[in-house]
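Heavy atoms only: backbone and side chains are in, while hydrogens, waters and symmetry mates are out. Atoms within each ligand, like the ligands themselves, are counted from 1 in listed order.
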Amino acid sequence: MSEPAPVLAVVGGGQLARMMAQPAIALGLPLRLLAEAEGVSAAQVIPDHRVGDHRDLDDLRALTAGCAAVTFDHEHVPTAHLHALAADGLAVRPGPDALVHAQDKAVMRARLTAMGVPCPRHLLLGEDAGPDDVAAFGFPCVLKTTRGGYDGKGVWVVRSAADCDEPFAAARESGVALLAEELVDFRRELSALVARSPSGQAAAYPVVASTQQDGICLEVVAPAPDLDPDLATHAQQVALRIAGELDVTGILAVELFERRDGRILVNELAMRPHNTGHWTQDGAVTSQFENHLRAVMDLPLGSPQARERWTVMVNILGAPERDGEPVGRLYDGFPHAMARDPRLRVHLYGKDLRPGRKVGHVNAYGDDLEDCLERARHAAAWFRGDLGNESE
Ligand code: ADP
(Lines give C-alpha, C1' and ligand atoms only; values in the text may rest on other atoms or scores of the structure.)
Protein backbone atom coordinates (compact mmCIF):
# COMPACT_ATOMS: atom_id res chain seq x y z
CA MET A 1 0.00 0.00 0.00
CA SER A 2 1.35 3.42 -0.82
CA GLU A 3 1.76 6.05 1.87
CA PRO A 4 -0.90 8.78 1.96
CA ALA A 5 0.20 12.22 0.71
CA PRO A 6 0.43 14.88 3.42
CA VAL A 7 -2.29 17.52 3.05
CA LEU A 8 -1.51 21.24 3.21
CA ALA A 9 -4.27 23.55 4.44
CA VAL A 10 -4.49 27.00 2.83
CA VAL A 11 -6.49 29.84 4.36
CA GLY A 12 -7.97 32.30 1.90
CA GLY A 13 -9.39 31.73 -1.57
CA GLY A 14 -7.71 34.49 -3.59
CA GLN A 15 -5.42 34.26 -6.60
CA LEU A 16 -2.34 33.47 -4.51
CA ALA A 17 -3.93 30.26 -3.23
CA ARG A 18 -5.13 29.56 -6.78
CA MET A 19 -1.59 29.86 -8.11
CA MET A 20 -0.26 27.58 -5.35
CA ALA A 21 -2.50 24.88 -6.83
CA GLN A 22 -0.40 24.62 -10.01
CA PRO A 23 2.85 23.48 -8.37
CA ALA A 24 0.80 21.48 -5.84
CA ILE A 25 -0.49 19.42 -8.78
CA ALA A 26 3.03 18.89 -10.07
CA LEU A 27 4.33 17.91 -6.63
CA GLY A 28 1.36 15.62 -5.96
CA LEU A 29 0.60 17.66 -2.85
CA PRO A 30 -3.10 17.81 -1.95
CA LEU A 31 -4.36 21.22 -0.81
CA ARG A 32 -7.37 21.83 1.42
CA LEU A 33 -8.77 25.33 1.15
CA LEU A 34 -10.75 27.64 3.42
CA ALA A 35 -12.63 29.92 1.03
CA GLU A 36 -14.59 33.07 1.80
CA ALA A 37 -17.42 31.90 -0.49
CA GLU A 38 -18.22 29.30 -3.12
CA GLY A 39 -16.74 30.18 -6.49
CA VAL A 40 -13.91 32.45 -5.34
CA SER A 41 -10.67 32.32 -7.33
CA ALA A 42 -8.93 29.39 -5.57
CA ALA A 43 -12.13 27.47 -4.82
CA GLN A 44 -12.59 27.10 -8.60
CA VAL A 45 -9.45 24.98 -8.85
CA ILE A 46 -9.05 23.28 -5.45
CA PRO A 47 -11.72 20.59 -5.14
CA ASP A 48 -11.12 19.99 -1.43
CA HIS A 49 -12.45 23.33 -0.23
CA ARG A 50 -14.91 24.46 2.37
CA VAL A 51 -16.52 27.82 2.93
CA GLY A 52 -15.73 29.45 6.24
CA ASP A 53 -14.51 32.47 8.09
CA HIS A 54 -10.79 32.94 8.68
CA ARG A 55 -11.66 34.92 11.83
CA ASP A 56 -13.44 31.89 13.35
CA LEU A 57 -11.19 29.50 15.29
CA ASP A 58 -13.65 26.61 14.90
CA ASP A 59 -13.58 27.01 11.12
CA LEU A 60 -9.79 27.06 11.20
CA ARG A 61 -9.67 23.94 13.38
CA ALA A 62 -12.14 22.09 11.15
CA LEU A 63 -10.09 23.02 8.08
CA THR A 64 -6.75 21.95 9.47
CA ALA A 65 -7.76 18.71 11.23
CA GLY A 66 -5.45 15.99 9.92
CA CYS A 67 -3.36 18.38 7.82
CA ALA A 68 0.44 18.36 7.87
CA ALA A 69 0.65 22.17 7.96
CA VAL A 70 -1.34 25.34 7.31
CA THR A 71 -0.33 28.33 5.21
CA PHE A 72 -2.03 31.49 4.00
CA ASP A 73 -3.20 33.43 0.99
CA HIS A 74 -3.44 36.63 3.08
CA GLU A 75 -2.36 38.09 6.39
CA HIS A 76 -5.72 38.54 8.04
CA VAL A 77 -6.09 35.52 10.34
CA PRO A 78 -6.13 36.91 13.91
CA THR A 79 -2.75 36.39 15.56
CA ALA A 80 -4.41 34.82 18.65
CA HIS A 81 -5.98 32.12 16.45
CA LEU A 82 -2.59 31.33 14.93
CA HIS A 83 -1.18 30.87 18.44
CA ALA A 84 -4.12 28.60 19.33
CA LEU A 85 -3.53 26.43 16.25
CA ALA A 86 0.18 26.23 17.01
CA ALA A 87 -0.64 25.26 20.62
CA ASP A 88 -2.85 22.45 19.20
CA GLY A 89 0.36 21.08 17.66
CA LEU A 90 -0.30 22.18 14.09
CA ALA A 91 2.60 23.39 11.94
CA VAL A 92 1.56 26.99 11.27
CA ARG A 93 3.73 28.32 8.46
CA PRO A 94 4.71 31.06 8.74
CA GLY A 95 4.25 30.90 12.51
CA PRO A 96 2.44 33.60 14.49
CA ASP A 97 5.59 35.18 15.91
CA ALA A 98 6.85 35.75 12.37
CA LEU A 99 3.54 36.56 10.70
CA VAL A 100 2.67 39.32 13.16
CA HIS A 101 5.39 41.41 11.47
CA ALA A 102 3.42 41.24 8.23
CA GLN A 103 0.11 41.82 10.01
CA ASP A 104 1.00 44.85 12.08
CA LYS A 105 3.10 47.67 10.64
CA ALA A 106 3.86 49.08 14.11
CA VAL A 107 5.29 45.73 15.28
CA MET A 108 7.25 45.45 12.03
CA ARG A 109 8.74 48.97 12.29
CA ALA A 110 9.72 48.44 15.94
CA ARG A 111 11.40 45.11 15.22
CA LEU A 112 13.24 46.20 12.09
CA THR A 113 14.46 49.35 13.82
CA ALA A 114 15.71 47.25 16.74
CA MET A 115 17.54 45.05 14.22
CA GLY A 116 19.17 48.13 12.70
CA VAL A 117 17.41 47.65 9.35
CA PRO A 118 16.93 51.07 7.69
CA CYS A 119 13.25 52.16 7.62
CA PRO A 120 11.55 55.48 6.85
CA ARG A 121 11.39 57.85 9.85
CA HIS A 122 8.14 57.00 11.62
CA LEU A 123 5.94 57.61 14.66
CA LEU A 124 3.22 55.40 16.10
CA LEU A 125 0.16 57.56 16.83
CA GLY A 126 -1.58 56.60 20.08
CA GLU A 127 -5.32 56.67 20.72
CA ASP A 128 -5.29 60.29 21.80
CA ALA A 129 -3.18 61.52 18.91
CA GLY A 130 -4.55 64.06 16.46
CA PRO A 131 -3.53 66.23 13.52
CA ASP A 132 -1.32 68.35 15.81
CA ASP A 133 0.88 65.34 16.43
CA VAL A 134 1.11 64.75 12.69
CA ALA A 135 2.00 68.42 12.18
CA ALA A 136 4.73 68.08 14.82
CA PHE A 137 6.03 64.98 12.99
CA GLY A 138 6.07 67.12 9.83
CA PHE A 139 3.99 67.57 6.66
CA PRO A 140 3.97 66.17 4.06
CA CYS A 141 4.00 62.63 5.39
CA VAL A 142 2.22 59.31 5.01
CA LEU A 143 -0.39 57.97 7.44
CA LYS A 144 -0.99 54.23 7.41
CA THR A 145 -3.32 51.95 9.23
CA THR A 146 -1.15 49.54 11.24
CA ARG A 147 -3.39 46.52 10.52
CA GLY A 148 -5.68 45.36 7.74
CA GLY A 149 -4.44 47.59 4.88
CA TYR A 150 -3.70 46.21 1.41
CA ASP A 151 -3.18 47.46 -2.14
CA GLY A 152 -2.83 51.03 -0.89
CA LYS A 153 -6.11 50.91 1.06
CA GLY A 154 -5.23 52.32 4.45
CA VAL A 155 -2.39 54.54 3.13
CA TRP A 156 -2.87 58.33 2.90
CA VAL A 157 -0.41 61.03 1.84
CA VAL A 158 -1.24 64.03 4.04
CA ARG A 159 -0.02 67.56 3.43
CA SER A 160 -2.15 69.50 5.94
CA ALA A 161 -4.21 69.04 9.10
CA ALA A 162 -7.35 68.89 6.94
CA ASP A 163 -5.93 65.91 5.03
CA CYS A 164 -5.77 64.03 8.33
CA ASP A 165 -9.56 63.98 8.79
CA GLU A 166 -10.14 60.90 6.64
CA PRO A 167 -7.39 58.71 8.14
CA PHE A 168 -8.32 59.66 11.70
CA ALA A 169 -12.00 58.95 11.00
CA ALA A 170 -11.05 55.56 9.55
CA ALA A 171 -8.89 54.82 12.60
CA ARG A 172 -11.71 55.73 15.00
CA GLU A 173 -14.13 53.52 13.12
CA SER A 174 -11.81 50.50 12.95
CA GLY A 175 -10.14 51.00 16.33
CA VAL A 176 -6.80 50.36 14.60
CA ALA A 177 -3.86 52.68 15.34
CA LEU A 178 -2.18 54.86 12.71
CA LEU A 179 1.50 55.09 11.90
CA ALA A 180 3.03 58.31 10.53
CA GLU A 181 5.96 57.94 8.13
CA GLU A 182 8.17 60.36 6.27
CA LEU A 183 7.13 60.70 2.63
CA VAL A 184 10.10 59.02 1.01
CA ASP A 185 11.32 60.66 -2.18
CA PHE A 186 12.29 57.39 -3.78
CA ARG A 187 13.89 56.73 -7.15
CA ARG A 188 11.86 53.56 -7.48
CA GLU A 189 10.45 50.64 -5.52
CA LEU A 190 12.36 47.39 -5.33
CA SER A 191 11.38 44.02 -3.96
CA ALA A 192 13.63 41.33 -2.50
CA LEU A 193 11.98 37.92 -2.30
CA VAL A 194 13.36 34.99 -0.38
CA ALA A 195 12.05 31.56 0.48
CA ARG A 196 12.98 29.98 3.81
CA SER A 197 12.21 26.56 5.22
CA PRO A 198 11.76 25.60 8.90
CA SER A 199 15.09 23.82 8.84
CA GLY A 200 16.70 27.13 7.88
CA GLN A 201 17.47 26.64 4.18
CA ALA A 202 16.93 29.87 2.27
CA ALA A 203 16.94 30.97 -1.36
CA ALA A 204 17.02 34.55 -2.63
CA TYR A 205 15.40 35.58 -5.93
CA PRO A 206 16.92 38.31 -8.09
CA VAL A 207 15.88 41.78 -6.84
CA VAL A 208 13.13 43.30 -8.99
CA ALA A 209 11.77 46.80 -9.66
CA SER A 210 8.05 47.43 -9.27
CA THR A 211 5.77 50.26 -10.28
CA GLN A 212 2.57 51.03 -8.39
CA GLN A 213 -0.47 53.02 -9.42
CA ASP A 214 -2.73 54.27 -6.62
CA GLY A 215 -0.98 51.85 -4.26
CA ILE A 216 -1.59 48.83 -6.51
CA CYS A 217 1.27 46.99 -8.15
CA LEU A 218 1.15 47.54 -11.90
CA GLU A 219 4.42 46.31 -13.39
CA VAL A 220 7.47 44.35 -12.31
CA VAL A 221 10.78 44.10 -14.14
CA ALA A 222 13.11 41.25 -13.22
CA PRO A 223 15.90 41.86 -12.55
CA ALA A 224 15.69 45.56 -11.59
CA PRO A 225 17.36 47.39 -14.53
CA ASP A 226 20.65 49.18 -13.82
CA LEU A 227 20.67 48.12 -10.20
CA ASP A 228 24.10 48.45 -8.65
CA PRO A 229 25.21 44.82 -8.10
CA ASP A 230 26.43 45.66 -4.57
CA LEU A 231 23.04 47.16 -3.72
CA ALA A 232 21.28 44.10 -5.16
CA THR A 233 23.40 41.81 -2.99
CA HIS A 234 22.81 44.05 0.02
CA ALA A 235 19.02 43.96 -0.55
CA GLN A 236 19.11 40.15 -0.77
CA GLN A 237 21.17 39.97 2.41
CA VAL A 238 18.73 42.26 4.24
CA ALA A 239 15.85 40.02 3.17
CA LEU A 240 17.69 36.85 4.19
CA ARG A 241 18.59 38.37 7.54
CA ILE A 242 14.98 39.41 8.23
CA ALA A 243 13.75 35.95 7.22
CA GLY A 244 16.27 34.32 9.56
CA GLU A 245 15.82 36.59 12.57
CA LEU A 246 12.02 36.54 12.35
CA ASP A 247 12.06 32.78 11.69
CA VAL A 248 9.91 33.12 8.58
CA THR A 249 8.79 29.98 6.76
CA GLY A 250 7.66 30.22 3.16
CA ILE A 251 8.10 33.25 0.95
CA LEU A 252 9.11 36.57 2.49
CA ALA A 253 8.74 39.64 0.28
CA VAL A 254 10.62 42.70 1.46
CA GLU A 255 9.27 45.81 -0.26
CA LEU A 256 11.98 48.43 -0.52
CA PHE A 257 12.38 52.06 -1.49
CA GLU A 258 15.53 52.85 -3.44
CA ARG A 259 16.42 56.40 -2.47
CA ARG A 260 18.00 58.82 -4.91
CA ASP A 261 21.25 58.63 -2.91
CA GLY A 262 21.40 54.87 -3.61
CA ARG A 263 20.40 53.72 -0.11
CA ILE A 264 17.49 51.39 0.53
CA LEU A 265 14.74 51.60 3.13
CA VAL A 266 12.30 48.82 3.99
CA ASN A 267 8.67 49.72 3.26
CA GLU A 268 6.88 46.58 4.34
CA LEU A 269 6.99 42.81 4.66
CA ALA A 270 4.70 40.14 3.23
CA MET A 271 4.95 36.48 4.24
CA ARG A 272 3.30 34.69 1.36
CA PRO A 273 3.75 34.68 -2.40
CA HIS A 274 3.73 38.31 -3.52
CA ASN A 275 2.70 40.22 -6.62
CA THR A 276 6.32 41.22 -7.20
CA GLY A 277 7.16 37.51 -7.52
CA HIS A 278 4.61 36.55 -10.19
CA TRP A 279 7.35 36.89 -12.84
CA THR A 280 8.97 33.76 -11.36
CA GLN A 281 6.19 31.56 -12.76
CA ASP A 282 7.73 31.91 -16.22
CA GLY A 283 11.07 33.60 -15.61
CA ALA A 284 12.72 31.60 -12.81
CA VAL A 285 13.78 27.97 -12.46
CA THR A 286 11.41 27.54 -9.49
CA SER A 287 8.39 29.78 -9.08
CA GLN A 288 7.68 31.57 -5.81
CA PHE A 289 4.52 29.45 -5.49
CA GLU A 290 6.46 26.20 -5.72
CA ASN A 291 9.14 27.40 -3.32
CA HIS A 292 6.45 28.55 -0.89
CA LEU A 293 4.99 25.03 -0.90
CA ARG A 294 8.40 23.39 -0.63
CA ALA A 295 9.32 25.69 2.26
CA VAL A 296 6.14 25.21 4.27
CA MET A 297 6.40 21.44 3.79
CA ASP A 298 10.09 21.63 4.83
CA LEU A 299 11.31 20.20 1.54
CA PRO A 300 14.58 21.25 -0.10
CA LEU A 301 14.08 24.52 -2.00
CA GLY A 302 14.30 24.86 -5.76
CA SER A 303 16.66 27.23 -7.54
CA PRO A 304 15.47 30.86 -7.55
CA GLN A 305 17.67 31.69 -10.55
CA ALA A 306 16.29 33.58 -13.53
CA ARG A 307 15.94 31.47 -16.66
CA GLU A 308 15.80 34.47 -18.94
CA ARG A 309 17.71 37.74 -19.25
CA TRP A 310 14.54 39.77 -18.60
CA THR A 311 11.04 39.00 -17.45
CA VAL A 312 8.34 41.67 -17.34
CA MET A 313 5.09 41.15 -15.45
CA VAL A 314 2.14 43.46 -16.02
CA ASN A 315 -1.03 43.16 -14.00
CA ILE A 316 -4.42 43.14 -15.69
CA LEU A 317 -6.52 45.56 -13.67
CA GLY A 318 -10.21 46.11 -14.42
CA ALA A 319 -10.65 49.36 -16.39
CA PRO A 320 -13.27 51.98 -15.48
CA GLU A 321 -16.73 50.94 -16.68
CA ARG A 322 -18.27 52.51 -19.77
CA ASP A 323 -22.04 53.08 -19.67
CA GLY A 324 -22.18 50.95 -16.54
CA GLU A 325 -20.60 47.96 -18.30
CA PRO A 326 -17.12 46.45 -17.79
CA VAL A 327 -15.00 47.10 -20.87
CA GLY A 328 -12.33 44.39 -20.59
CA ARG A 329 -12.24 41.27 -22.71
CA LEU A 330 -10.58 38.56 -20.74
CA TYR A 331 -11.35 35.32 -22.55
CA ASP A 332 -12.44 37.08 -25.75
CA GLY A 333 -9.00 38.65 -25.77
CA PHE A 334 -7.16 35.35 -26.13
CA PRO A 335 -7.11 35.07 -29.95
CA HIS A 336 -5.46 38.45 -30.50
CA ALA A 337 -3.06 38.19 -27.55
CA MET A 338 -1.96 34.67 -28.42
CA ALA A 339 -1.67 35.26 -32.16
CA ARG A 340 0.28 38.48 -31.73
CA ASP A 341 2.76 37.03 -29.25
CA PRO A 342 3.16 33.25 -29.08
CA ARG A 343 5.76 33.65 -26.31
CA LEU A 344 3.40 35.57 -24.02
CA ARG A 345 2.37 33.85 -20.78
CA VAL A 346 -1.13 34.63 -19.52
CA HIS A 347 -2.39 34.03 -15.97
CA LEU A 348 -6.04 34.78 -15.23
CA TYR A 349 -7.59 34.42 -11.81
CA GLY A 350 -11.19 33.47 -12.68
CA LYS A 351 -12.40 36.80 -11.31
CA ASP A 352 -15.10 39.06 -12.68
CA LEU A 353 -13.96 42.38 -14.06
CA ARG A 354 -14.42 45.29 -11.73
CA PRO A 355 -12.75 48.68 -12.00
CA GLY A 356 -9.32 48.59 -10.37
CA ARG A 357 -9.53 44.89 -9.46
CA LYS A 358 -6.58 42.60 -10.20
CA VAL A 359 -8.00 39.92 -12.47
CA GLY A 360 -4.80 38.47 -13.93
CA HIS A 361 -1.32 39.21 -15.17
CA VAL A 362 0.90 38.52 -18.14
CA ASN A 363 4.59 37.65 -18.24
CA ALA A 364 6.84 38.38 -21.22
CA TYR A 365 10.44 37.25 -21.22
CA GLY A 366 13.42 37.55 -23.54
CA ASP A 367 16.78 39.21 -24.17
CA ASP A 368 15.48 42.68 -25.01
CA LEU A 369 13.91 44.63 -22.15
CA GLU A 370 12.13 47.18 -24.37
CA ASP A 371 10.57 44.37 -26.38
CA CYS A 372 9.41 42.56 -23.21
CA LEU A 373 7.90 45.78 -21.84
CA GLU A 374 6.08 46.49 -25.10
CA ARG A 375 4.70 42.97 -25.39
CA ALA A 376 3.55 42.72 -21.78
CA ARG A 377 2.03 46.22 -21.72
CA HIS A 378 0.26 45.69 -25.02
CA ALA A 379 -1.25 42.40 -23.88
CA ALA A 380 -2.39 43.78 -20.52
CA ALA A 381 -3.94 46.82 -22.22
CA TRP A 382 -5.67 44.53 -24.68
CA PHE A 383 -7.22 42.38 -21.96
CA ARG A 384 -8.22 45.51 -20.04
CA GLY A 385 -10.02 46.78 -23.13
CA ASP A 386 -7.83 49.88 -23.47
CA LEU A 387 -6.71 48.87 -26.97
CA GLY A 388 -8.84 48.02 -29.95
CA ASN A 389 -11.95 49.60 -28.45
CA GLU A 390 -11.15 53.13 -29.56
CA SER A 391 -13.68 53.31 -32.40
CA GLU A 392 -16.51 51.60 -30.51
P1 ADP B 1 -0.14 48.25 1.48
O2 ADP B 1 -0.13 47.51 2.77
O3 ADP B 1 -1.47 48.77 1.09
O4 ADP B 1 0.58 47.53 0.36
P5 ADP B 1 2.19 50.00 1.59
O6 ADP B 1 2.76 50.39 2.89
O7 ADP B 1 2.96 49.01 0.77
O8 ADP B 1 0.69 49.56 1.81
O9 ADP B 1 2.00 51.30 0.71
C10 ADP B 1 1.45 51.26 -0.61
C11 ADP B 1 2.24 52.20 -1.53
O12 ADP B 1 2.21 53.54 -1.02
C13 ADP B 1 3.73 51.85 -1.60
O14 ADP B 1 3.97 50.84 -2.53
C15 ADP B 1 4.33 53.19 -2.01
O16 ADP B 1 4.15 53.42 -3.39
C17 ADP B 1 3.47 54.18 -1.23
N18 ADP B 1 4.10 54.48 0.09
C19 ADP B 1 3.91 53.78 1.23
N20 ADP B 1 4.66 54.30 2.23
C21 ADP B 1 5.34 55.34 1.72
C22 ADP B 1 6.28 56.30 2.26
N23 ADP B 1 6.65 56.29 3.55
N24 ADP B 1 6.77 57.23 1.41
C25 ADP B 1 6.41 57.26 0.11
N26 ADP B 1 5.52 56.41 -0.44
C27 ADP B 1 4.99 55.47 0.33
Among W279, F383, Y349, find the one that has a ring-ring contact (aromatic ring centres under 6.0 Å, His included) with H361.
-> Y349

Among protein heavy atoms, which lies nearest [atom], and at what distance?
{"atom": "atom 11 (C) of ligand 1", "result": "G215 CA, 4.2 Å"}
{"atom": "atom 1 (P) of ligand 1", "result": "E268 OE2, 3.4 Å"}
{"atom": "atom 6 (O) of ligand 1", "result": "K144 NZ, 2.8 Å"}
{"atom": "atom 3 (O) of ligand 1", "result": "G152 N, 2.6 Å"}

Specify whether the nearest protein heavy atom to atom 22 (C) of ligand 1 is under 4.0 angstrom away.
-> yes

Nearest to atom 15 (C) of ligand 1 by heavy atom, Q212, E189, E255: which?
-> E189

Which option out of K105, Q213, H274, E181 puts a heavy atom nearest to atom 8 (O) of ligand 1?
-> K105

Residue part near ligand 1, for [X], under 4.0 Å between non-hydrogen atoms:
{"X": "D151", "result": "backbone"}
{"X": "L183", "result": "both"}
{"X": "V155", "result": "side chain"}

Determine the sole option in R18, H49, E38, K351 for which the side-chain hydrogen bond (donor to acceptor under 3.5 Å, both in side chains) test with Q44 is passed.
-> R18

Ring centroid separation for F289 and H278, is it under 6.0 angstrom?
-> yes

Can you list the residues that meet the side-chain contact (heavy atoms from CB on, under 4.5 Å) rule with Q201, with sequence neighbours excluded?
-> S197, P300, L301

On the 0 to 90° scale, with breaks at 30° and 60°, tag the F334-Y331 ring pair as parallel, tilted or perpendicular.
-> perpendicular

